[in-house]
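Excluded from the calculations below are hydrogen atoms, water molecules and symmetry mates; all remaining heavy atoms, backbone and side chain alike, are included.
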Amino acid sequence: MDASVNTPAPVAAEEQPRRPLSITILAIFSLLLALITGIPQLYYVLFALNQHIFPIGPNANPLGQIWYWYILKGDQGGYLSVDPGTLAGGIEDAFMMAPLYLLTGIGLLRLRAWVVPVGLITGAMIFYAILYFFFSGILVANASTADVITVILSSVAYLAYPLWLVPVLLVRRSLFTQRRPA
């Protein structure tokens, strides 16, 4: 009698799909957006709460200095004071968009099924927000050349992100389906 007849066949280990390099790069991009959006916008919210503890200027703490240089040494004066619209955008970025970028990046890295709805929400929200930011920054009547250049340059990454993320989530959706053991 052949011993292989009575021996059960080895159960194949469930194979996790390989994450394509483009998905990894998109995930890293998402995590970077979380970092470069969350920290500065949280600082602006803190600046709005107490301008003495969280100042913006050339002689401020490192985050206050970065904000100062980001706004072209104070040329974009709206960021040196608290404007309700700017503060609302800062709150949205710090407490909603940055966590969504972070979750989307983690979901992409781990190829989780939940990344599809979370990523679609993230992509749709930033697409709407960046279009509003872009058009309100360049179509304003008294916009200086520095304002227009700053708006355009700071919008590129945030505009490219949803234009890359949403098609990836829709076209490569099968990568993010949950694997169940047989």
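- The hydrophobic cluster around I28 extends to L32, counting ILVMFWY residues whose side-chain heavy atoms fall within less than 4.5 Å of a member.
- In the hydrophobic clustering of ILVMFWY residues, with side-chain heavy atoms under 4.5 Å counting as a link, L139 and I152 come out together.
- Nearest heavy-atom pair across L169 and F176 is CD2-CE1, 4.0 Å.
- Under a hydrophobic clustering in which Ile, Leu, Val, Met, Phe, Trp and Tyr are joined whenever their side-chain heavy atoms come within less than 4.5 Å, directly or via other members, I130 and V156 fall into different clusters.
- Considering only heavy atoms from C-beta on, T24 stays 4.5 Å or farther from L108 through its side chain.
- Counting Ile, Leu, Val, Met, Phe, Trp and Tyr side chains that sit under 4.5 Å apart, directly or through other members, L153 shares a hydrophobic cluster with I149.
- Note that OG1 of T86 and OH of Y44 are 4.5 Å apart. Values are rounded to the nearest 0.5 Å.
- Counting heavy atoms from C-beta on, the side chains of M97 and L33 never come closer than 4.5 Å.
- In this structure, the side chains of R172 and P167 stay at 4.5 Å or more apart for every pair of heavy atoms.
- Taking 4.5 Å as the limit, every side-chain heavy atom of T177 sits out of range of all side-chain heavy atoms of L175.
- Contact record, D93 with P99: O-CD, 4.4 Å, taken as the closest heavy-atom pair.
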Indicate every side-chain donor-acceptor pair of residues 57-64 with a distance under 3.5 Å to a residue at least two apart or in another chain.
| residue | atom | partner | partner atom | Å |
| --- | --- | --- | --- | --- |
| N61 | OD1 | Y43 | OH | 3.3 |
| N61 | OD1 | L63 | N | 3.1 |
| N61 | OD1 | G64 | N | 2.8 |
| N61 | ND2 | Y43 | OH | 3.1 |

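- The stretch residues 136-161 participates, sequence neighbours left out, in these ring pair (Phe, Tyr, Trp, His ring centres under 6.0 Å) pairs: F29-Y161, Y101-Y161.
- Applying the side-chain contact (heavy atoms from CB on, under 4.5 Å) rule to L35 yields the partners I39; only residues at least two apart in sequence or on another chain are considered.
- Hydrophobic clustering keeps V171 apart from V116 (ILVMFWY residues linked when any side-chain heavy atoms are closer than 4.5 Å, directly or through intermediates).
- Not counting sequence neighbours, the partners of M96 by the side-chain contact (heavy atoms from CB on, under 4.5 Å) test are E92, L100, M125.
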For this session: May I have the step-by-step check of side chain to side chain contact (heavy atoms under 4.5 Å, CB included) for W164 and I25, ending in yes or no?
Result: CA-CA 11 Å; W164 183 10; I25 293 169; 3.5 Å; yes
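- In this structure, the side chain of R19 does not engage the main chain of R110 through any donor-acceptor pair within 3.5 Å.
- Nearest approach of S155 to F134, heavy atoms of both residues: OG-CD1, 3.9 Å.
- Between F47 and L42, every side-chain heavy-atom pair lies at or beyond the 4.5 Å cut-off.
- The shortest non-hydrogen separation linking G38 to A94 is O-CB, 4.2 Å.
- For the atom pair OG of S30 and CG of L103, the computed distance is 9.0 Å after rounding to the nearest 0.5 Å.
- The two atoms that bring L46 and F54 nearest to each other are O-CD1, 3.5 Å, heavy atoms only.
- Evaluation of the side-chain contact (heavy atoms from CB on, under 4.5 Å) rule for V166 yields L120, L170 as partners, not counting sequence neighbours.
- Within the 4.5 Å cutoff, the side chain of I23 has heavy atoms near those of the V168 side chain.
- By the side-chain contact (heavy atoms from CB on, under 4.5 Å) test, P162 pairs with I126, F127, sequence neighbours left out.
- For S136, there are no side chain to side chain donor-acceptor pair (under 3.5 Å) partners, not counting sequence neighbours.
- Note on residues 120-135: pairs passing side-chain hydrogen bond (donor to acceptor under 3.5 Å, both in side chains), not counting sequence neighbours, are T104-T122.
- Considering all non-hydrogen atoms of both residues, V148 and I138 come closest at CG1-CG2, 3.9 Å.
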